[in-house]
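I have placed the structure first, in the form of structure tokens, so that the comments after it can refer back to it.
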Amino acid sequence: MNRLRWIALSCLAASWLAGDALAVEAAARIHVPAGTELVFEMVDSVNSKTSRRGDRFPLRLVEPLRIEGHLLVPAGALAMGEVIHADRAKAGGQAGELILAARHLEWDGAVLPLRSFNAGVGRDRGKPALAVAVAAGPAGFLVRGGEVEIPAGTLVGARLREAADLPAVPEDATPETPTTQTTTTGESTE
């Protein structure tokens, strides 16, 4: 009977310690509300001439995510964006179109969904094309509108789509970024 009590007490103690550890772990997690604003930079250029719907592009977090003085996601963490709509500029001065969305931020195994942002219509040259068409006939419809391009390094904003509970990370935490190495043949590898 003593042995049974000892096993029961051991299980109870283990359960209590595990519960205590979970409480400490839960206390170390910080609540990040939905709608929290984040600032990213475009890693690569995206434009209406070469982009297609569904193309993915990387974003890099510019400002670290901090809540109540706790660092949750350091600057440099990568996010993913997606081309929602892309249309080339057309004859007749119709501008190119480009609509982009921020999809998710990835950090330390967590995938945080983001709300979309968008880029509007390029410079519209429809009126000058119409004026040329009146003066020069059908040749005016050969005037092309401007393409939309968002160059690398452009700052863009997005918001967290859903609330999340994230652990605080050490101040010296840096995201792992892909490195490019050069082989002996001069080719670049990732």
Side-chain angles (χ1 to χ4, degrees), residues 30-67 70-130 141-167 169 173-181 187-190:
I30 310 297
H31 182 74
V32 183
T36 299
E37 294 184 40
L38 301 170
V39 177
F40 297 95
E41 71 175 336
M42 300 287 293
V43 174
D44 300 320
S45 295
V46 178
N47 66 61
S48 59
K49 185 175 183 178
T50 58
S51 296
R52 301 287 173 259
R53 182 181 185 169
D55 287 353
R56 298 278 177 136
F57 56 91
L59 301 165
R60 186 178 359 259
L61 189 63
V62 174
E63 299 173 3
L65 174 57
R66 292 180 186 277
I67 301 285
H70 297 283
L71 175 65
L72 303 177
V73 181
L78 294 178
M80 186 61 59
E82 182 178 355
V83 175
I84 301 302
H85 172 76
D87 198 13
R88 293 178 171 207
K90 296 184 178 65
Q94 190 175 10
E97 298 174 356
L98 186 62
I99 300 174
L100 306 177
R103 290 300 187 203
H104 61 269
L105 169 65
E106 298 177 19
W107 171 247
D108 196 30
V111 178
L112 306 171
L114 299 170
R115 285 191 203 170
S116 61
F117 67 94
N118 60 26
V121 178
R123 198 170 88 168
D124 190 357
R125 296 186 183 145
K127 289 180 182 172
L130 182 59
F141 289 103
L142 299 178
V143 174
R144 294 187 64 85
E147 298 293 348
V148 177
E149 179 167 1
I150 303 190
T154 299
L155 297 181
V156 296
R159 295 175 184 259
L160 287 180
R161 183 180 302 165
E162 302 168 0
D165 291 322
L166 299 173
V169 297
T174 54
E176 292 182 24
T177 54
T179 57
T180 303
Q181 300 173 353
E187 295 175 353
S188 171
T189 62
E190 300 230 13

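Values below: every heavy atom of this structure, side chains too, minus hydrogens, waters and symmetry copies.
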Output, in order, the C-alpha distance, side-chain angles, deciding distance and verdict of side-chain contact (heavy atoms from CB on, under 4.5 Å) for V83 and F57. CA-CA 8 Å; V83 175; F57 56 91; 4.3 Å; yes

Given side-chain contact (heavy atoms from CB on, under 4.5 Å), test E41 with L155 step by step and report yes or no. CA-CA 4 Å; E41 71 175 336; L155 297 181; 3.9 Å; yes

Go through the steps to decide whether E63 and V39 satisfy the test side-chain contact (heavy atoms from CB on, under 4.5 Å), and finish with yes or no. CA-CA 6 Å; E63 299 173 3; V39 177; 3.8 Å; yes

Give the C-alpha distance, both sets of side-chain angles, the deciding distance and a yes or no for side-chain contact (heavy atoms from CB on, under 4.5 Å) between V169 and L72. CA-CA 6 Å; V169 297; L72 303 177; 5.9 Å; no

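With rounding to the nearest 0.5 Å, the separation of CZ in R53 from CD1 in I99 is 10.0 Å. Remark: R103 CZ to L59 CG distance equals 11.5 Å, nearest 0.5 Å. Between atom OG of residue S48 and atom CD1 of residue I150 there is a gap of 9.5 Å, rounded to the nearest 0.5 Å. Once rounded to the nearest 0.5 Å, the distance linking CH2 of W107 with CG of L65 reads 11.5 Å. Summarising the geometry, atom CG belonging to L78 is positioned 9.5 Å from atom NE2 belonging to H104; distances are rounded to the nearest 0.5 Å. For the atom pair NE2 (H31) and CG (L166), the distance works out to 10.0 Å, reported to the nearest 0.5 Å.
Between the side chain of S45 and the backbone N or O of A152 there is at least one donor-acceptor pair closer than 3.5 Å. The backbone N or O of G76 sits nowhere less than 3.5 Å from a side-chain atom of R60 that would complete a donor-acceptor pair.
Contact record, G35 with R159: O-NH1, 3.2 Å, taken as the closest heavy-atom pair. Of all non-hydrogen atoms in E82 and G54, the two that sit nearest each other are OE2-CA, 3.7 Å. A pairwise comparison of heavy atoms in R88 and E147 identifies CA-OE1, 3.6 Å as the closest pair. Shown here for P151 and M42, the closest heavy-atom pair between the two residues is O-CB, 3.7 Å.
By the 4.5 Å heavy-atom criterion applied to side chains, L160 and L114 are counted as neighbours. Proximity of F40 to L105: side-chain heavy atoms (C-beta onward) are separated by under 4.5 Å at one or more points.
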